There are 2 protein chains.
Amino acid sequence: MNKAVRPSRPQTRRQRVEEKEQAIIAAARAVFGKNGFDKAKIAEIAKRAGVAEGTVYLYFENKNALLLAVATEFYDRLTHDAAEGIKSLPDTKSRLAFLARHHVERVAAEWPMLSTAMMPFKASDEYRQTEGYQLNRTYVEVFDQVIRDGINRGDIRTDVPLSVMRDIFYGGLEYGARTLRMRPDRADLDETVDQMMQILSVGMLVKPAAVDTDGGAADAVLDRLEKIATRLETTAATTD
Amino acid sequence: MNKAVRPSRPQTRRQRVEEKEQAIIAAARAVFGKNGFDKAKIAEIAKRAGVAEGTVYLYFENKNALLLAVATEFYDRLTHDAAEGIKSLPDTKSRLAFLARHHVERVAAEWPMLSTAMMPFKASDEYRQTEGYQLNRTYVEVFDQVIRDGINRGDIRTDVPLSVMRDIFYGGLEYGARTLRMRPDRADLDETVDQMMQILSVGMLVKPAAVDTDGGAADAVLDRLEKIATRLETTAATTD
DNA sequence: CTTGTAAATGAAGCATATTCATATATACTG
DNA sequence: CAGTATATATGAATATGCTTCATTTACAAG
């Protein structure tokens with residue numbers, strides 16, 4: 001129970017433990033971020049966190065669990081900021097643009113960690129059973145909601161499944177982020193994202209111009225079909 | 001020099017060496033493919049190839065070099081088949097469709113290997129200096145050429161850089177391939193690729209060409225429909 | 001002050017990639 | 001064909017790095 005606040009630095013025992021846990025996570029983030037998961041040594045993480053090697057295992061079951069902790073913090077922030085960012089945006093297009101900008105910015109920043117981070121998860125066919133998958137799932141839920149909303153508003157085409165849109169959106173952005181990071185000329189982030197959105201939005205949005213993508217052919221077919229159907233329904237009650 | 005062909009199994013010394021090298025690569029492909037790079041044990045590869053553990057290191061500097069050998073074979077085939085496949089295709093749109101189908105099919109098939117395969121390369125910021133990057137570069141050159149050609153023909157929009165198109169194309173397809181592989185319901189590959197192309201082509205192709213987004217399919221349907229309607233109208237002579 | 005418990009330590013254990021001293025097979029030479 | 005140099009092969013030894021564990025230290029309660 002709480003007796004009194006000791007004037008010394010660390011307060012209660014529990015608090016000191018939490019602090020240490022944070023220190024280890026912070027150290028891990030730094031070391032993972034430097035050269036990726038594989039090259040990161042537990043020894044270095046321990047040293048940075050100011051603990052013995054064995055202590056790390058008092059807090060995390062193994063190296064993967066440590067990565068998961070780092071990834072969880074990252075995804076929590078990412079998801080939160082994504083959800084927060086679209087709140088004030090009124091239309092589907094600007095929401096998607098925001099999500100794209102936000103994603104690329106964050107991913108490009110934490111690239112070394114991320115590229116390897118999800119690897120232990122993504123590698124296997126059982127990816128779906130991993131916690132890493134769940135983190136990602138929660139994150140992309142923000143995107144999914146924007147799309148569903150967009151469909152209700154009539155902004156988004158309905159002939160392509162959500163999952164396909166999601167894959168193209170995030171797959172494309174991830175590659176884009178990587179390219180951005182590698183480029184020696186450090187091409188402008190905003191400009192690149194704009195360009196990506198030019199392709200993506202045209203492909204996903206049902207815009208007035210795109211309604212007529214096929215030159216009205218589909219409409220003509222549908223019209224004609226309706227007429228025939230009506231006629232068949234009214235006349236022949238005999239079908240096979 | 002070639003003396004005479006010995007009737008025994010292995011011919012010249014050089015040939016036996018090459019055979020063994022191939023055996024090791026084949027074993028490595030199998031083992032990498034099973035559970036990815038990390039979980040693959042050199043010991044198992046050696047056993048499968050019928051050599052001692054140390055022998056592997058006579059042929060390949062280390063595990064990474066072995067992966068590179070496997071990846072090189074994969075990419076060589078991939079690149080060759082891609083280049084071959086588009087040769088007979090006349091228009092930009094069908095070429096892109098072919099490249100997409102081809103890519104997804106191959107990537108989905110060799111997923112466990114690939115997902116980890118490029119990881120040791122992709123992880124670092126020096127990716128561009130790796131041989132893995134070069135393999136990829138050569139491969140996507142096929143795509144780049146299709147796009148450049150498409151631009152000359154006026155099929156492809158010019159307001160978005162090639163690199164952006166490339167990233168979205170292959171990034172999207174990679175994610176799509178992964179999803180396809182994970183799906184328990186094993187969604188139809190062709191259908192999924194079609195859907196992806198619906199987004200990608202609208203985004204990349206120039207409008208006028210997009211008037212005919214479905215390659216004239218709608219027109220064909222309409223024609224057929226008209227004929228059927230006419231026939232129905234004339235035979236069952238009951239009109240309203 | 002004593003003692004039980006939580007927390008921490010770093011040396012030992014273990015799994016694997018890689019190296020190396022040694023052995024074997026092959027080709028060449030006289 | 002024997003002798004020898006060279007290429008090839010071996011598997012035990014080494015190195016590295018994650019993980020465990022017996023021991024120690026710090027803390028809180030009585």
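Throughout, protein chains are lettered first and strands after them, A, B, ... in sequence-line order, and every chain is numbered starting at 1. None of these values were measured; they are calculated from a predicted model.
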Quick test of your reading of the model: are A:Glu18 and A:Arg14 salt-bridged, counting only N-O distances below 4.0 Å?
yes
Hey, is the side chain of B:Arg16 poking within less than 4.0 Å of OP1 or OP2 on C:dA25, counting only N and O atoms?
no
Which one, D:dT19, C:dT19, C:dT16, comes nearest to the side chain of A:Lys63?
D:dT19
From CG of B:Leu58 over to C1' of C:dC20, roughly how many Å is that when rounded to an integer?
12 Å
Can you find a pair of side-chain heavy atoms, one from A:Tyr170 and one from A:Asn136, that are under 4.5 Å apart?
no
Rounded to whole angstroms, how far apart are CZ on B:Phe60 and C1' on C:dT19?
18 Å
Using a 4.0 Å heavy-atom cut-off across all strands, classify B:Ala40 as base, sugar-phosphate, or nothing.
sugar-phosphate
Between C:dA8, D:dT19, D:dA9, which nucleotide gets closest to the side-chain atoms of A:Asn62?
D:dT19
Note: A:Glu110-A:Arg29 ion pair, threshold 4.0 Å (strictly below):
no
CG of A:Leu66 versus C1' of D:dG17: gap in Å, rounded?
15 Å
Which nucleotide in the list D:dT8, C:dT9, D:dA9 gets nearest to the side chain of B:Thr55?
D:dA9
Checking A:Gln134 against A:Arg137 for the side chain to side chain donor-acceptor pair (under 3.5 Å) test, could you report, in this order, the C-alpha distance in whole Å, the side-chain angles of both residues, the deciding distance, and whether it holds?
CA-CA 5 Å; A:Gln134 281 313 319; A:Arg137 208 83 196 78; over 6 Å; no
Using OP1 and OP2 only, check whether a side-chain N or O of A:Lys20 sits under 4.0 Å from C:dA8.
yes
Is there side-chain contact between B:His103 and B:Phe169, with heavy atoms separated by less than 4.5 Å?
no
Tell me whether the side-chain N/O atoms of B:Tyr57 come closer than 4.0 Å to OP1 or OP2 in C:dT19.
no
Roughly how many Å is it from CG in B:Asp38 to P in D:dG17, rounded to a whole number?
14 Å
For A:Ile42 and B:Arg14, take the nucleotide of DNA chain D holding the closest heavy atom to each; which residue's nucleotide lies nearer the 5' end?
B:Arg14
Contact class for B:Tyr59 (heavy atom, under 4.0 Å): base, sugar-phosphate, or nothing?
sugar-phosphate
Do A:Arg157 and B:Gln198 have side chains that get closer than 4.5 Å, going by heavy atoms?
yes
Near-strand residues of residues 44-53 of chain A, defined as heavy-atom separation under 4.0 angstrom from DNA chain C
A:Val51, A:Ala52
What is the distance from CD of A:Gln15 to P of C:dA6, rounded to the nearest Å?
19 Å
Between B:Asp149 and B:Arg95, is there a side-chain N and carboxylate O pair less than 4.0 Å apart?
yes
